[in-house]
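Before any comments, here is the structure.
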Amino acid sequence: MLASTPPLFDDALDAPIREELAPGAGVLRGFALGDAEDLLAAIRRVAARSPFRNVITPGGRTMSVAMTNCGAAGWFSDRRGYRYTAIDPETGRPWPPIPALFMRLARGAAHEAGFRDYAPDVCLINRYEVGARLALHQDRDERDRRAPIVSVSLGLPATFLFGGFLRRDPQRRVPLAHGDVVVWGGPSRMRYHGVLPVRDGVHATTGVLRYNLTFRVAR
Ligand code: MD6
Ligand code: FE
């Protein structure tokens, strides 16, 4: 676990440098860079089967972030609440399987951060247009709240808000760029976090969009 291992100071210049955010949480800068184009192609294939949609919160607000999922279950929300479903409510069919590349990347990143044998069963895919944001929240709908979340940023940069265990705790602002991976588990798993509104810009690969993959052990 990140919490119990000393920091690794890699000699190799091309090795990702781990930036610890808190015990159990860290950023692997550029970890997904080499796979970025293939990841985006895989996202398009998933979205061809389970399209991006802007779900409604239980409070009745439409989320600015568009979402889809792959895996044995997917995260969904409507007026009845937040939950994981085995069937995509929009298509009536199971969510597409997690692409092999996604699994390799998620396992590799978790391993790099000290979490062995990571076996996510859900990958939530978020798509941010300019101005889209994710309000401060805890990821608390998963059964296993110790297993890490692996979070992959693609496209336009964003500012990740990284807080404490209470909503009112102060937050750090963590810039996340194309290819950065955040691993988030152990004692930090229940920290509040969010994403500031994505700023205007154009990314060479994704244009005016930011994508984020978050892998979870949900069921
Ligand atoms: C995002 N990420 O970066 C949204 N949750 O687009 C999350 O909500 C998140 O990045 C838990 C752990 C890492 C994350
Ligand atoms: Fe989250």
Side-chain angles (χ1 to χ4, degrees), residues 1-5 16 18 20-28 31-32 35 39 42-43 45-47 49-50 52 55 63 65 67-78 81-89 93-127 134 136-154 160-165 174 176 180-195 211-219:
M1 313 275 282
L2 283 182
S4 54
T5 53
R18 185 210 301 164
E20 185 163 284
L21 295 173
V27 186
L28 307 173
F31 189 87
D35 290 318
L39 292 169
I43 290 171
R45 288 193 293 273
V46 168
R49 292 172 61 179
S50 276
F52 283 100
V55 301
M63 291 185 68
V65 178
M67 298 176 172
T68 186
N69 294 271
C70 50
W75 189 87
F76 188 75
S77 174
D78 59 17
Y82 305 119
R83 61 196 178 276
Y84 285 94
T85 66
I87 301 292
D88 176 352
R93 294 191 305 264
W95 301 97
I98 300 180
L101 171 63
F102 282 23
M103 287 300 276
R104 278 201 302 279
L105 182 79
R107 289 177 71 90
H111 188 270
E112 181 71 25
F115 296 95
R116 312 274 149 186
D117 301 320
Y118 185 50
D121 56 359
V122 170
C123 175
L124 169 64
I125 308 174
N126 289 331
R127 186 185 69 192
L134 200 60
L136 206 64
H137 67 280
Q138 290 172 302
D139 289 9
R140 55 184 318 144
D141 302 321
E142 298 75 25
R143 189 177 48 78
D144 182 346
R145 292 188 182 175
R146 293 288 294 181
I149 291 179
V150 170
S151 165
V152 181
S153 291
L154 295 167
F160 193 62
L161 296 177
F162 177 80
F165 300 100
V174 183
L176 292 180
D180 288 350
V181 177
V182 181
V183 181
W184 188 283
S188 280
R189 177 63 177 73
M190 296 310 290
R191 283 181 184 272
Y192 275 90
H193 58 278
V195 178
Y211 292 94
N212 177 264
L213 309 175
T214 55
F215 296 89
R216 299 106 192 277
V217 179
R219 321 247 287 178

- Measure up the Trp184 and Phe160 rings against each other and bin them: parallel (under 30°), tilted (30 to 60°), perpendicular (over 60°). perpendicular

- Any chance the side chains of Thr214 and Arg216 put a donor and an acceptor closer than 3.5 Å? yes

Side chain to side chain, [X] and [Y], heavy atoms closer than 4.5 Å:
X: Asp141; Y: Arg83; result: no
X: Thr85; Y: Asn69; result: no
X: Leu154; Y: Ile43; result: yes
X: Leu105; Y: Phe31; result: yes
X: Ile125; Y: Cys70; result: yes
X: Pro94; Y: Arg49; result: no

I need the [X] [atom1] to [Y] [atom2] distance, nearest 0.5 Å.
X: Leu176; Y: Asn212; atom1: CG; atom2: CG; value: 8.0 Å
X: Phe76; Y: Ile87; atom1: CZ; atom2: CD1; value: 12.5 Å
X: Leu124; Y: Ser151; atom1: CG; atom2: OG; value: 9.5 Å
X: Cys123; Y: Trp75; atom1: SG; atom2: CH2; value: 14.0 Å
X: Leu213; Y: Leu39; atom1: CG; atom2: CG; value: 6.5 Å
X: Asn126; Y: Leu134; atom1: CG; atom2: CG; value: 6.5 Å

- Item | Tyr211/Phe52 under side chain to side chain contact (heavy atoms under 4.5 Å, CB included): CA gap, chis, key distance, verdict | CA-CA 11 Å; Tyr211 292 94; Phe52 283 100; 3.8 Å; yes

With no hydrogens and no angle check, is any side-chain donor or acceptor of [X] less than 3.5 Å from a backbone partner on [Y]?
X: Thr68; Y: Ser50; value: yes
X: His137; Y: His193; value: yes
X: Arg140; Y: Met190; value: no

Would you give me the side-chain donor-acceptor pairs under 3.5 Å for residues 113-120, sequence neighbours excluded?
| unit_1 | atom_1 | unit_2 | atom_2 | d |
| --- | --- | --- | --- | --- |
| Arg116 | NH1 | His111 | NE2 | 3.0 |
| Tyr118 | OH | Pro148 | O | 2.8 |
| Tyr118 | OH | Phe215 | O | 2.9 |

How close do [X] and [Y] get, counting heavy atoms only, and between which atoms?
X: Pro99; Y: Val46; result: CG-CG2, 4.2 Å
X: Ala73; Y: Tyr84; result: CB-CB, 4.2 Å
X: Glu112; Y: Leu28; result: CG-CD2, 3.7 Å
X: Gly24; Y: Ser188; result: C-CB, 4.3 Å
X: Gly163; Y: Arg191; result: O-NH1, 3.0 Å
X: Ala109; Y: Val181; result: CB-CG1, 3.8 Å

- For Phe102 and Val152, run side chain to side chain contact (heavy atoms under 4.5 Å, CB included): C-alpha distance rounded to whole Å, both residues' side-chain angles, the deciding distance at 0.1 Å, then the answer. CA-CA 10 Å; Phe102 282 23; Val152 181; over 6 Å; no

- Intermediate values then yes/no, side chain to side chain contact (heavy atoms under 4.5 Å, CB included), Arg146 and Val217: CA-CA 9 Å; Arg146 293 288 294 181; Val217 179; over 6 Å; no

